[in-house]
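See below for the structure under consideration.
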Number of protein chains: 2
Amino acid sequence: MADAAPPAETPVTAVPPVEGEAGEAGPSKKALKKAEAKAKKEAEKAARQKAAAEREAVAKAASQGEDNAKDSYGPETQETIEKLPAALEINLKTLGDEHIGKTVELRAWIQNSRLQGAKMAFVELREEGNWTIQGVIAANADGTISKQMVKFVGAINLESFVRVQATVEKPLEPVKSCKVSNYELHLTKVFVIAAAPQMLGMNLAVANRPIANFTDEEAPVEEGVEKLSIAPADELAIPTATMLTHLDNIVMHKRSAVQQAIADIRIEVKHLYRSYLRDRGFKEFEPPCLIGAASEGGANVFRLPYFEKEAFLAQSPQFYKQIEVAGGRKRVFSIGPVFRAENSNTPRHMTEFTGMDLEMEINKHYHEALDIIEGVLLHILRSLPERCAEEIAIVRSVYPSEDFLLPEPGKEVRLTFAEGQKLLREEGPEEFRNVSDFEDMSTPQEKALGALVRKKFGTDFYVLDKFPSEARPFYAKEDPENPAVTNAFDCFLRNQEVLSGGQRINDPVELEKRIRSKGVDPESPGIKEYIDIFRQAGVPPHAGAGFGLDRVVAWFLNLPSVHLAAYFPRTPKRLSP
Amino acid sequence: MADAAPPAETPVTAVPPVEGEAGEAGPSKKALKKAEAKAKKEAEKAARQKAAAEREAVAKAASQGEDNAKDSYGPETQETIEKLPAALEINLKTLGDEHIGKTVELRAWIQNSRLQGAKMAFVELREEGNWTIQGVIAANADGTISKQMVKFVGAINLESFVRVQATVEKPLEPVKSCKVSNYELHLTKVFVIAAAPQMLGMNLAVANRPIANFTDEEAPVEEGVEKLSIAPADELAIPTATMLTHLDNIVMHKRSAVQQAIADIRIEVKHLYRSYLRDRGFKEFEPPCLIGAASEGGANVFRLPYFEKEAFLAQSPQFYKQIEVAGGRKRVFSIGPVFRAENSNTPRHMTEFTGMDLEMEINKHYHEALDIIEGVLLHILRSLPERCAEEIAIVRSVYPSEDFLLPEPGKEVRLTFAEGQKLLREEGPEEFRNVSDFEDMSTPQEKALGALVRKKFGTDFYVLDKFPSEARPFYAKEDPENPAVTNAFDCFLRNQEVLSGGQRINDPVELEKRIRSKGVDPESPGIKEYIDIFRQAGVPPHAGAGFGLDRVVAWFLNLPSVHLAAYFPRTPKRLSP
């Protein structure tokens, strides 16, 4: 029973489209395309309706006639639970030869199903992520497994959650379509714990395909399934859906193996970050989201009525992590939401994201902090390929990417901003022949420099230190030996800035002077409270950094949008679910 | 040099006031008290000004005349750092006999200082928390430690951050005033890294005393030090300050050993929660703060303009953790901010707090989830006394509390709501003779029941299960055997409800019916999106719970206010710092 043909409806594995195929017909006119698309859609709709009607008919037929198996299937109720004989509950991850021939119990989603004649059905049972196993049910002579039962099983709506009991068997050949390919389950009991609707808003195969586009327009309401463009049952042409369709069908979006793999990698990034810092004496704290003044200038900040006053949503925990250090905590870190009221509708932006921050006392040089910051990022980047090999492979099957290049230990790349600009001038593209050491870099400059560094040093991660004073906020400490630059740095990941950090001014007199020189009134709301912290008591020199969890995950995996790395992406046009 | 007299200014250890003493004078008239307080304040102000002037004079005097030690002290500069001879950098926690006689280097705050004549000074150096050591400096014959240097050291403003080099010596007698009592530092180099102001807004001894009151009125601006009522130098009468003064002097508030101990316990609670759940297959996720609809009815929710629309701040991650389970994650948890726009000005309320949530698939009974939930709370409560013994002792020295009573493993107390009410009727106070099994409990009822449970079962922690349907939100699953009650429970900690949880309705038809029966329109914003989740695909039965980190910490420690457990408490009247 291993030679199961590809399931009739939705193939399990999302196969990337064959390049060039789509283009073979040559460019056709827009109108033609539109008409084609419409006809296709209608055909698909008709096909789906037909399939649904067939299922219903099968279910109806199964409900007629004598049935010796009637207590072995159906919707799960308190009664069926109580009547069910005891069986060993298994997980697919730990299924082994010792289970062969035994009766086991499993709860899983019906991912695919196929009737083969009237007496046999195949189902794919998914426990979690991409952990699937083939289930087989065949009517037998004594009727303990009846034709009705087979029909019932074959007609269960996909993505319903079921409880099965089964005998574990070794298939004659490995079941290629399932992750657990060396065993199959010969079903003896099948109860539907939670039924899915007849028609899914988005099926799993589509959910597992790359997102078609990330245009951030509000979806038309009540269209449901119609937004999808589902191709005929051609395995090579599983349709893709837009990000909006994915978000409108968030349950199926999240059930896809690729999204679960991304989420698992995200969890691991957090875990690696936290454990690395804890091991080095850092203490986690929770900065507030609601703040009384917009400390970073007031641009792009969300405001809200707060009883008789106004409140703001924090754009970063900068102020608060510095208070922790001023308050005698030597090393602190935080992981939490930060907010930007920026009307940027790009795959790189969100209005709410998860900030990873740290701040620490320094003894004699701010590179003590840079060592930790570079260290924690490298720890994450070096550990992920090993700890999340399987998850990375799943993501790459949908969103291909090259291996992330990392420097050998001891060969980490740190350039000064001036060295970076020199490299750009001397070896970069023509348009960067005259870049200045004292102006911030543009995004194209960043990309070009990243490419140069990759070529020259073989790394997708590097540090750019000593940013010009002009390019840094008022709290950045100037280099005592060269006040034109600051003790501040950025880290780059696949050519994109992912982290900003540096030493902060810890002397209130110097801070006030610097704030004035930036043209800011040191008495203005938020700023005064900030300086006051350093007036309350002697605050040790300190440095720190902040970066976005979503971006690290997205750029490490080379995802087409940071929205894919977030659990519930927030954009100017999207606040739900 | 061990017989150091109690420091002249601020005693290190906050001694609880002797009971009765304050009352000895008998009740005096309000006016008299006011005048007394005013006189006291003025006297204190004068005393502080005098002390400051003396320090300045001493510093001035020290700056005159020949000084062989002039390179051994002063403000730290790049030059002093470079000239400083290398020395072993130590931490007070790891200081040992092997260091005796050696020259070591330490960075610390000057917590106290005292000149003894013109040739000797004592300082208390604090590294972190309550880790302090006595430093001694004495002018010597060859002038490598000069009188000027001694005077400089004795005149450093308290809470300045210094770098010292010193020889480690064993004092003749333990230094009682310092935590590190078996060693003292004979200072040879003293540089001020960051100077504190001459007058602190709140000194450390005051910061270490219990908060005088938690009245949540906005503090008058620009009053600074005047808000404090500082008593004469009487060790038993260290004044206390209000919560507002503490928050206005957040740096000193946080430097107090008691606040650092509370923060360390808070960190441990998070860590125990997270590691317990991770070990049991739970996956951490981040629910959003910004949401498009007020899913829990719209009361007490913060609203804000969001581009062309309106956004809300999440009151709980309820909706989102259920989406995670619907999306195929078997067990999830989150730790993050939640918001309540409730105008409650009590020590039990905050407008922003840290929610700890979890949600999980259940197999056959919601007690599988209750076992985990009860388990994680007991794990936290049982582990803290051992893992944070020192921190708990520090907190108790300021906020006394009895040991937290816990049931022996296997003897955990779970009562049904009806059993609880019966206990109240039969053994509780007179006024609860007629409490109903079908109405929610009042706070006085909760307290009375908690007291009964403590007396009867010897535990400060218990579970109340099967709450009446009336007392639970629309998503609570009714007990299939008795629809008057729900599969929902609360956990209690020192007589106060700290956690709510239960099984959720996972069938969209049942959910819609229940929502209607609660008088809510299933098409209303937020509610429709909620039901739709269960319509998207079959969602397994699940249960979960949520509780507040701040409250668990505060109630475990029996703190007078939950605000003390938060890093930056947010109340209707307080948004800063």
Side-chain angles (χ1 to χ4, degrees), chain A residues 78 81 107 128 159-161 193-197 200-201 249-252 254-255 260 267 270 283-286 288-293 302-304 306-307 311 320 323 326-328 330 336-337 343 351-352 354 363-364 480 506 529 533 535-540 567-568 570 572 575-577, chain B residues 78 81 107 128 159-161 193-197 200-201 249-252 254-255 260 267 270 283-286 288-293 302-304 306-307 311 320 323 326-328 330 336-337 343 351-352 354 363-364 480 506 529 533 535-540 567-568 570 572 575-577:
Chain A
Q78 196 52 39
I81 290 178
R107 285 169 301 137
E128 197 173 6
E159 295 301 320
S160 296
F161 193 65
I193 300 176
L200 294 168
N249 293 279
I250 189 108
V251 171
M252 291 309 300
K254 285 186 177 280
R255 285 189 187 185
Q260 298 211 359
I267 288 170
K270 267 181 83 170
K283 296 188 169 184
E284 191 166 0
F285 82 105
E286 291 88 46
C289 296
L290 291 169
I291 57 177
F302 287 111
R303 298 156 181 267
L304 64 148
Y306 188 84
F307 304 98
Y320 295 92
I323 293 179
K330 307 240 162 234
N343 201 352
T351 53
E352 174 178 353
T354 301
N363 183 355
K364 288 173 185 166
N506 64 315
E529 289 80 358
I533 289 302
R535 293 179 180 129
Q536 285 187 22
V539 177
Y567 288 98
F568 301 94
R570 277 3 192 180
L575 270 178
S576 68
Chain B
Q78 197 52 39
I81 289 177
R107 286 170 300 136
E128 198 174 5
E159 295 302 320
S160 297
F161 194 64
I193 299 175
L200 295 167
N249 294 278
I250 189 107
V251 172
M252 292 308 301
K254 284 183 178 283
R255 286 188 187 184
Q260 298 211 0
I267 288 170
K270 266 180 85 169
K283 297 189 168 182
E284 191 167 359
F285 83 107
E286 291 88 47
C289 295
L290 290 170
I291 57 176
F302 287 111
R303 298 157 179 265
L304 64 149
Y306 187 84
F307 305 98
Y320 295 92
I323 292 180
K330 307 241 161 236
N343 202 351
T351 54
E352 175 180 353
T354 301
N363 183 355
K364 290 175 184 165
N506 65 316
E529 289 80 359
I533 289 302
R535 292 179 180 129
Q536 285 187 20
V539 177
Y567 288 99
F568 301 95
R570 275 11 192 172
L575 271 177
S576 69

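Just so it is clear: chains get the letters A, B, ... in the order the sequence lines come, proteins before strands, and each one is counted from 1. The figures that follow rest on heavy atoms only: side chains count, while hydrogens, waters and symmetry mates do not.
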Name the member of Pro577(B), Gly336(B), Pro540(B), Ser160(B) that forms the most heavy-atom pairs with chain A at distances under 4.5 Å. Pro540(B)
Contacting moiety of Glu529(A), where chain B heavy atoms sit under 4.5 Å: neither
Quick one: which of Glu128(B), Arg535(B), Lys283(B), Gln536(B) has the most heavy-atom pairs under 4.5 Å with chain A, could you say? Gln536(B)
Rounded to the nearest 0.5 Å, what's the gap from OG1 on Thr351(B) to OH on Tyr306(A)? Could you check? 2.5 Å
Separation between CZ of Arg107(B) and CG of Asn363(A), rounded to the nearest 0.5 Å: 4.0 Å
Looking only at non-hydrogen atoms, find the nearest pair between Gly538(B) and Phe161(A) and report the distance. O-CB, 4.4 Å
Tell me, side chain or backbone of Ile250(A) under 4.5 Å from chain B's heavy atoms, or both, or neither? both
Contact part of Asn506(B) toward chain A, heavy-atom cut-off under 4.5 Å: side chain, backbone, both or neither? side chain
So, the part of Arg570(A) with a heavy atom under 4.5 Å from chain B: the answer is both
Heavy-atom closest pair, residues Val539(A) and Ala194(B): O-CB, 3.2 Å
Please look at Ala195(B) and chain A and tell me whether the side chain, the backbone, both or neither of the residue comes under 4.5 angstrom of a heavy atom of that chain. backbone
Sort Ile533(B) into side chain, backbone, both or neither according to what part of it lies under 4.5 angstrom from a heavy atom of chain A. both
Can you tell which of Met252(B), Lys364(B), Gln78(B) has the highest number of heavy-atom pairs within less than 4.5 Å of chain A? Lys364(B)
Salt bridge Lys270(A)-Glu284(B), side-chain N to carboxylate O under 4.0 Å: yes
Closest non-hydrogen atom pair, Leu290(A) against Phe302(B): CD1-CE1, 4.1 Å
Search all heavy atoms of Arg255(B) against all heavy atoms of Ala537(A) and return the closest pair with its distance. NH1-CB, 3.4 Å
With under 30° as parallel and over 60° as perpendicular, where do the rings of Phe568(A) and Phe285(B) fit, or are they tilted in between? perpendicular
With ring centroids as reference points, do Tyr320(B) and Tyr567(A) lie under 6.0 angstrom apart? no
Between Glu352(B) and Cys289(A) (side chain of the first, backbone of the second, donor and acceptor by atom type, cut-off under 3.5 Å), is there such a pair? yes
Is Pro480(B) in contact with chain A via its backbone, its side chain, both, or neither, using a 4.5 Å heavy-atom distance? neither
Taking the side chain as C-beta and beyond, is there a heavy-atom pair between Glu286(A) and Pro337(B) under 4.5 Å? no
